[in-house]
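For reference, the structure is listed below as structure tokens.
Hydrogens, waters and symmetry mates play no part in the numbers below; they use all other heavy atoms, side chains included.
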Amino acid sequence: MENLDLIDWRTVGFGSLWITGLAVLLTAFGFADHEANSQDLRTRDVLRRAGYRTAVNAGLALFCLGLLGSAKAWWE
């Protein structure tokens with residue numbers, strides 16, 4: 001049980017935040033692209049809808065929080 005000190009759990013937690021944020025962004029863009037192709041619209045127009053906008057904003061927020069927490073200094 002002494003080897004658990006070798007893992008920096010703070011870095012693991014913040015690393016998972018930014019990876020999850022990118023996964024949310026990729027999923028939102030993928031669904032928006034699929035819906036745009038099936039409805040013969042532009043992807044940009046689909047991304048402007050409220051549900052997609054919320055997903056993109058949440059993904060960006062998770063990404064930024066993850067990078068903020070994994071930085072050495074606050075200004076990085």
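- Between Gly69 and Arg10 the shortest heavy-atom distance is O-NH2, 2.9 Å.
- Clustering ILVMFWY residues whenever any of their side-chain heavy atoms sit less than 4.5 angstrom apart, transitively, puts Leu26 in a cluster other than the one holding Phe29.
- Heavy atoms only, all atoms of each residue included: Ala28 and Val56 are closest at CB-CG2, 4.2 Å.
- Applying the salt bridge (Lys or Arg N to Asp or Glu O under 4.0 Å) criterion to Arg53, with sequence neighbours excluded, gives no partner residue.
- In the hydrophobic clustering of ILVMFWY residues, with side-chain heavy atoms under 4.5 Å counting as a link, Leu60 and Trp18 come out together.
- Leu17 and Leu68 end up in different hydrophobic clusters when Ile, Leu, Val, Met, Phe, Trp and Tyr side chains are linked at under 4.5 Å.
- Leu65 and Leu22 sit in two unconnected hydrophobic clusters of ILVMFWY residues. Membership requires side-chain heavy atoms under 4.5 Å apart, directly or through other members.
- Phe31 CZ: 12 or fewer foreign heavy atoms inside a 6.0 Å radius.
- Residues Leu41 and Leu47 share a single hydrophobic cluster, defined by chaining ILVMFWY side chains whose heavy atoms lie under 4.5 Å apart.
- Rounded to the nearest 0.5 Å, atoms CZ (Phe14) and CG (Asp8) are 10.5 Å apart.
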